[in-house]
Amino acid sequence: MPARDVRIEPVTNRRELKDLVMFPFDLYRDDPHWVPPLISERMTHYDPEQNPFFDHAEAQFFRALRGDETVGTIAAIDDELHPQVWNEPVGFWGVFEVIENYEVAARLFSAAREWLASRNRKIMRGPVNLNINDEVGLLIEGYDGSPALMMPYNPPYYETFIERYGFQEAKDLYAYRQEIARYKDGLPESVVRGARIAEERYSATARSADLKQLEREVELIKPIYRQAWSENWGALPMTDKEFDYLAESLKVVVDPDLTILAFIDGEPVGVMITVADYNQVAKHLNGRLFPFGWLKFLWYKRKIDGIRILVMGVLKEHRLKGIEGLMFREGYRKSLKKDYEWVEMSWILEDNYRIIRTLETIFGEVYRTYRLYDIPTQGEIG
């Protein structure tokens with residue numbers, strides 16, 4: 001398909017946004033591993049009137065069109081928090097989907113670069129949908145299966161297009177997975193020892209989250225999340241509105257029994273948030289809960305056999321006290337009483353060596369790798 005037959009147009013209304021959201025349904029029609037998102041959720045997520053992310057950010061969505069047919073999408077994202085926190089002029093790109101045609105992909109990248117350059121962002125980083133606290137990275141290793149909940153998925157040719165255009169690796173992100181039954185007779189000694197130290201030396205305790213007291217639990221989690229991740233590469237603090245927005249969206253998918261809060265002297269010092277892999281349900285809904293999606297939802301919900309540890313963190317002053325081991329132990333104990341068969345831990349920065357050493361003990365080798373890329377917003381491209 002000649003590039004001259006394709007035009008790149010900004011999304012300017014809700015109808016065009018709906019078209020952008022629906023494009024992957026055609027693109028991945030024959031891909032057994034792709035999981036369709038809920039259409040209504042994506043429309044809300046990309047709506048500046050409903051998603052509090054847009055209180056401090058702007059995004060311009062683009063479509064690549066051949067006649068009236070959408071053949072690619074991308075978003076250019078300018079989050080003012082990133083330059084404030086990291087003192088670097090970085091903008092972002094995401095919501096990238098494209099047919100297997102490099103020229104179309106290149107024109108989408110160029111549209112996003114030009115928009116960010118016009119806003120004085122010197123580097124374009126991504127993919128992120130829409131920020132570092134959402135779906136992050138391009139899948140580059142581990143295409144043999146569907147993604148876990150809230151993890152990205154893409155065809156292998158995206159990596160080729162991105163690198164051909166001139167993007168350079170910014171950071172790799174790792175995912176780990178293990179069969180729960182492997183530890184039915186006990187966790188590794190290092191985890192057990194850590195949990196014992198936390199309890200006996202520091203009088204640490206742990207309990208499951210209580211979703212009936214969601215507001216209280218969110219208030220306990222906020223300071224842990226903000227401090228524990230504050231020094232991680234690219235991390236950005238979530239506002240109170242963003243926390244509430246995320247908590248509301250996770251209410252249905254979080255497993256409260258396996259979401260663990262750790263305390264020392266009654267003060268929260270660690271959190272592990274675990275979600276059931278509702279992607280196994282979403283595969284059967286075709287993006288809609290109505291009119292019959294709720295029946296499918298209730299039916300397939302009973303068949304979920306996996307979980308994802310979405311968040312795990314400990315306050316800096318309480319690290320090396322075995323708190324991670326305590327939360328892992330409590331989570332495994334409870335998961336063994338359920339019908340879950342596997343657990344994924346994701347995502348982990350490639351240079352977060354302290355956590356990686358712990359995860360290698362429990363999970364073994366990395367089973368999927370995702371990548372974030374950078375490119376200057378001005379200058380020649382590949």
Side-chain angles (χ1 to χ4, degrees), residues 3 6-11 20 23-24 27 46 53 56-64 71-141 151-174 232-236 347 349-351 369-382:
V6 173
R7 65 189 189 278
I8 307 299
E9 293 190 353
V11 170
L20 175 143
F23 172 61
L27 183 67
Y46 298 152
F53 168 69
H56 53 81
E58 294 184 58
Q60 178 60 65
F61 299 91
F62 295 93
R63 294 182 300 157
V71 292
T73 65
I74 200 168
I77 305 149
D78 183 14
D79 184 353
E80 65 182 25
L81 279 186
H82 188 91
Q84 291 174 13
V85 172
W86 291 97
N87 194 32
E88 57 179 9
V90 171
F92 298 88
W93 62 280
V95 197
F96 174 71
E97 303 286 2
V98 70
I99 62 173
E100 195 168 358
N101 184 302
Y102 170 71
E103 297 301 327
V104 177
R107 293 189 62 183
L108 286 165
F109 293 143
S110 293
R113 286 178 79 216
E114 290 168 9
W115 189 85
L116 288 170
S118 72
R119 303 176 72 84
N120 204 33
R121 299 300 179 228
K122 306 300 185 185
I123 299 293
M124 184 167 82
R125 176 172 298 162
V128 298
N129 300 330
L130 293 162
N131 64 34
I132 199 74
N133 297 308
D134 292 327
E135 290 185 0
V136 175
L138 185 86
L139 178 65
I140 62 169
E141 292 179 4
M151 291 297 285
Y153 177 79
N154 52 264
Y157 65 82
Y158 282 14
E159 180 182 4
T160 302
F161 288 176
I162 288 168
E163 295 185 358
R164 178 178 172 184
Y165 186 80
F167 283 93
Q168 299 295 316
E169 175 188 344
K171 192 74 67 175
D172 279 355
L173 316 171
Y174 296 152
N232 281 3
W233 179 87
L236 294 174
W347 46 264
L349 290 167
E350 63 178 331
D351 50 6
T369 302
Y370 305 82
R371 180 164 292 168
L372 283 166
Y373 291 89
D374 280 356
I375 194 170
T377 57
Q378 297 179 340
E380 297 296 322
I381 60 172

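Below, each value reflects all heavy atoms present in this structure, side chains not excepted, and no hydrogens, waters or symmetry copies.
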*For D351, all residues meeting side-chain hydrogen bond (donor to acceptor under 3.5 Å, both in side chains), sequence neighbours excluded*: K171
*Under 30°, 30 to 60°, or over 60°: which ring-plane class applies to Y46 and F61, parallel, tilted or perpendicular?*
tilted
_Residue pair H82, F92: steps toward the side-chain contact (heavy atoms from CB on, under 4.5 Å) verdict_ = CA-CA 10 Å; H82 188 91; F92 298 88; 3.6 Å; yes
*How long is the gap from OH on Y370 to OH on Y153, to the nearest 0.5 Å?*
10.5 Å
*Of all heavy-atom pairs between A235 and V85, which one has the smallest distance, and what is that distance?*
O-CG1, 4.1 Å
*What are the two closest heavy atoms between W93 and G126, and how far apart are they?*
NE1-N, 3.1 Å
*Backbone N or O of V98 within a donor-acceptor pair of the Y158 side chain at under 3.5 Å?*
yes
*R121 and W115: side-chain contact (heavy atoms from CB on, under 4.5 Å), yes or no, with the steps?*
CA-CA 9 Å; R121 299 300 179 228; W115 189 85; over 6 Å; no
*Output the distance between atom CG (D374) and atom CE (M124), rounded to the nearest 0.5 Å.*
9.5 Å
*Starting at CZ of R125, measure out to CG of L116 and round the result to the nearest 0.5 Å.*
12.0 Å
*Using the ring of each side chain (for Trp, its six-membered ring), is F109 parallel, tilted or perpendicular to F167, with breaks at 30° and 60°?*
perpendicular
_E103 vs V6, side-chain contact (heavy atoms from CB on, under 4.5 Å): CA-CA, chis, key distance, verdict_ = CA-CA 9 Å; E103 297 301 327; V6 173; over 6 Å; no
*Is there a donor-acceptor pair closer than 3.5 Å between any side-chain N or O of R113 and the backbone N or O of P376?*
yes
_Does F53 form a side-chain contact (heavy atoms from CB on, under 4.5 Å) with D79? I'd like the steps, not just the answer._
CA-CA 9 Å; F53 168 69; D79 184 353; 3.4 Å; yes
*asked:* Please find the pair of heavy atoms, one from L108 and one from E97, that lie closest to each other, and give the distance.
replied: CD1-O, 4.2 Å
*Over all atoms of both residues, closest heavy-atom pair of N131 and V136*: O-CG2, 3.6 Å
_Any donor-acceptor N/O pair, Q60 side chain to V11 backbone, under 3.5 Å_ = yes
_Tell me the closest heavy-atom pair linking I77 and V128, and the distance in Å._
CD1-O, 3.7 Å
*Between N129 and V95, is there a donor-acceptor pair closer than 3.5 Å when you use the side chain of the first and the backbone of the second?*
yes
*Could you tell me which non-hydrogen atom of V104 sits nearest to which non-hydrogen atom of A64, and how far apart they are?*
CG1-CB, 3.7 Å
_I162 side, atom CD1; N154 side, atom CG - distance, nearest 0.5 Å_ = 7.0 Å
_For the aromatic rings, using the six-membered ring if either is Trp, is the centroid distance between Y165 and Y102 under 6.0 Å?_
no
*For the side-chain contact (heavy atoms from CB on, under 4.5 Å) test, which of L138, L139, L349, T369 pairs with L173?*
L349
